Each structure stands twice: as structure tokens, then as C-alpha cells.
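Structure first, then comments.
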Amino acid sequence: QVQLVESGGGSVQAGESLRLSCAATGKTSGYRQAYCMGWFRQVPGKEREGVATIDTEGKTLYTDSVKGRFTISKDNAKNILYLQMNNLKPEDTAMYYCAADMCPGGVVIHPILFGYWGQGTQVTVSS
């Protein structure tokens, strides 16, 4: 069982930065077990979308709209996942969720492939 708790959301102006954190407890790694963690976001009336994910080896995937602006990273010693978001835009406004699950086939970004989810943290970017 994995528990995930997000923090770091807030309201900012366009062009500013935020860093999201996700503290993970429970089993998020194992011998020869590929594990992925990631950030997803959702706005009312739209499907949840993958923003950035990272696997046990540090391989990452980003959705096109955040490439060059967002960076995902993980502190394996503390079991904390981060999302550094720079040059934020109004279209980044959403509820951001942390998720985790095994990924034996390599790093993935589709929400349906993740079974453990946090409660979410709101990010609001005004123009």
C-alpha cells in the first residue's frame, strides 16, 4: 500500500514559479521492481492528464505543453517527488495530483496506469 500527500500549490501570477512536493509512504521501490511516480492535473469538465512522470532509473516523460518549463525530480532517500514549475501560464491552472504504481514496461504517463493517488493540490495562475 502506498500513501501520497501533495503540498506546494497556490495562487501565482503568470510567469512566476511554484514547486510541488509529494511525500510517499509505503512500498515505492523494490528489488528489480520498476516503479513510476508522476504528476497529473485536472480541470473541471476535462479528463485528467499526465504532466510529468519519472521511473526508478530516473527516466522522465513530459506532456508537450510543459516541456522546458516544468522539471520532475525525486529524492529517493526521503521518498519525496517534486515538480518544479517555472514560467507558469493561466492554462496551467488545475488540481495537481501525485500518483504512483509499478511500471515494468518502462516510464509511462497515462493516468489509467497509476493506481495510487494523492488528494491533490490546487494551482491557480492568473494573467
Side-chain angles (χ1 to χ4, degrees):
Q1 194 73 3
V2 176
Q3 293 80 41
L4 305 168
V5 179
E6 305 96 335
S7 61
S11 297
V12 297
Q13 298 288 321
E16 294 183 342
S17 299
L18 280 174
R19 188 177 78 158
L20 304 183
S21 299
C22 172
T25 57
K27 189 173 183 180
T28 59
S29 64
Y31 180 67
R32 291 186 177 181
Q33 288 181 330
Y35 213 88
C36 285
M37 296 185 72
W39 292 97
F40 300 78
R41 64 188 180 188
Q42 189 171 23
V43 297
K46 292 190 177 181
E47 293 185 356
R48 190 170 296 186
E49 69 164 340
V51 176
T53 56
I54 186 168
D55 71 2
T56 311
E57 296 180 352
K59 295 179 182 177
T60 58
L61 280 177
Y62 293 91
T63 191
D64 287 345
S65 63
V66 308
K67 288 180 180 177
R69 300 189 297 122
F70 291 10
T71 302
I72 189 171
S73 61
K74 188 170 182 285
D75 185 328
N76 290 316
K78 296 181 179 179
N79 223 7
I80 298 177
L81 182 73
Y82 299 102
L83 183 68
Q84 179 65 43
M85 305 185 294
N86 297 329
N87 191 22
L88 282 160
K89 303 177 180 180
E91 50 264 43
D92 295 318
T93 295
M95 184 70 78
Y96 282 71
Y97 298 90
C98 173
D101 214 324
M102 295 181 65
C103 54
V107 62
V108 292
I109 200 167
H110 200 291
I112 198 172
L113 299 173
F114 289 79
Y116 299 102
W117 292 86
Q119 293 301 306
T121 185
Q122 178 68 37
V123 172
T124 302
V125 185
S126 56
S127 57

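Bear in mind that the values here come from a model prediction, so they are computed numbers and not experimental data.
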Any side-chain heavy-atom pair from [X] and [Y] closer than 4.5 angstrom?
| X | Y | result |
| --- | --- | --- |
| Thr121 | Leu20 | yes |
| Ile72 | Tyr62 | yes |
| Glu16 | Leu18 | no |
| Met37 | Leu4 | yes |
| Ile54 | Leu81 | yes |
| Ile80 | Lys78 | yes |

>> Is the positively charged end of Arg41 above the ring of Tyr97, judged by distance under 6.0 angstrom from the centroid and angle within 45° of the axis?
In response: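 Negative - Arg41 is either too far from the ring of Tyr97 or too far off its axis.
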>> Please determine whether side chain to side chain contact (heavy atoms under 4.5 Å, CB included) holds for the pair Cys98 and Phe40, giving the CA-CA distance in whole Å, both sets of side-chain angles, and the decisive distance to 0.1 Å.
In response: CA-CA 6 Å; Cys98 173; Phe40 300 78; over 6 Å; no
> Phe70 vs Tyr96 aromatic rings, parallel, tilted or perpendicular, using cut-offs 30° and 60°?
Replying inline: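 Phe70 and Tyr96: tilted rings.
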> Is Gln119 atom CD crowded by more than 12 heavy atoms from other residues, nucleotides or ligands, each under 6.0 Å away?
Replying inline: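 No, because the 6.0 Å sphere around CD of Gln119 holds 12 heavy atoms or fewer from other groups.
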>> For a salt bridge (charged side-chain N to carboxylate O under 4.0 Å, His left out) check, start with the C-alpha distance between Lys89 and Asp92, then their side-chain angles and the critical distance, and finish with the verdict.
In response: CA-CA 5 Å; Lys89 303 177 180 180; Asp92 295 318; over 6 Å; no
>> Going by the rule side chain to side chain contact (heavy atoms under 4.5 Å, CB included), which residues pair with Leu61 if we only count those two or more places apart in sequence or in a different chain?
In response: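 Leu61: side chain to side chain contact (heavy atoms under 4.5 Å, CB included) contacts with Thr53, Val107, Ile109.
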